[in-house]
Amino acid sequence: AVLREAEKLVSAGTKELLVISQDTSAYGVDTRHEPREWKGHQVRAVARTDDKAAKLRAQGAEPVAVDLFDGDAVKAAVDGCEAVLHLATNVPPLRRMASKKGWATHNSLRTTATELLVDAALAAGASTFVKESVTFVYPDGADAWIDETTPPDESIEMLRPTLEGERIVDRFTAGGGRGIVLRFGLF
């Protein structure tokens with residue numbers, strides 16, 4: 001799904017992509033193996049360690065070391081990019097999933113980091129911002145079809161940061177860019 005969306009961006013004329021994905025995340029495997037000059041477009045990817053940066057570099061991607069909670073660092077990383085794909089997650093291990101504290105970093109990536117990335121993308125004049133999300137926000141529709149026009153279930157407290165992150169992307173769209181939320185169902 002991520003690379004199909006990237007294909008659409010390239011077809012629309014995007015020249016440089018910045019992929020914000022933890023390289024060991026659920027989405028990192030799908031994004032990190034693309035070459036630096038992917039179909040004539042430069043790809044940068046976030047790496048959290050020197051070893052992972054070396055692996056990205058060896059695969060042809062330009063690794064970017066950035067703290068996603070440092071606004072100035074995020075602006076520097078996004079500068080010059082036409083599109084930003086924010087795929088960073090921090091899903092806790094199973095033993096911590098029932099704890100609200102276990103989701104703290106994940107929720108901050110969905111809200112605070114999204115806010116900073118949208119700010120940076122707007123400042124850089126990026127044309128497109130893609131944010132991952134999940135289909136869990138939809139209500140149980142029984143045997144009725146559910147699509148993007150189905151309103152999310154706002155009553156589930158655990159999913160509020162997810163929906164807040166989606167609304168932050170709306171600010172990018174309101175600023176003149178193309179904001180895209182990809183709701184994934186399985187990983």
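All residue numbers in this chain count up from 1 along the given sequence. Basis for what follows: all heavy atoms, side chains included, without hydrogens, waters or symmetry-related copies.
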Determine the minimum heavy-atom distance between [X] and [Y], stating which atoms define it.
X    : Y    : answer
V84  : A121 : CG2-CB, 4.1 Å
M158 : W103 : CE-NE1, 2.9 Å
A124 : G80  : CB-N, 4.3 Å
R110 : V134 : NH2-CG1, 3.8 Å
K131 : V169 : CB-CG2, 3.5 Å
L109 : T114 : O-OG1, 3.2 Å

[Y] side chain reached by [X] side chain, heavy atoms, under 4.5 Å:
X    : Y    : value
L163 : R167 : yes
E157 : K100 : yes
L117 : V78  : yes
V137 : D153 : no
F129 : V118 : yes
F172 : L122 : yes
D119 : R171 : yes

Give me the one residue out of T128, L182, V130, I180 that meets side-chain contact (heavy atoms from CB on, under 4.5 Å) with L85.
V130

Using a distance-only test with no angle check, is there a side-chain donor-acceptor pair under 3.5 angstrom linking S133 and E166?
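On atom types as modelled, these side chains qualify, holding a pair under 3.5 Å.
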
Taking atom types as modelled, find out whether D147 and T149 have a side-chain donor-acceptor pair closer than 3.5 angstrom.
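Per modelled atom types, D147 and T149 side chains form a pair under 3.5 Å.
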
Solution key, residues 63-77 side-chain donor-acceptor pairs under 3.5 Å, sequence neighbours excluded:
from	atom 1	to	atom 2	distance (Å)
D67	OD1	F69	N	2.8
D70	OD1	D72	N	3.1
D70	OD1	A73	N	3.1

Taking the six-membered ring of Y138, is the NZ or CZ of R183 close enough (under 6.0 Å from the centre) and on axis enough (within 45°)?
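R183 over Y138 ring: yes.
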
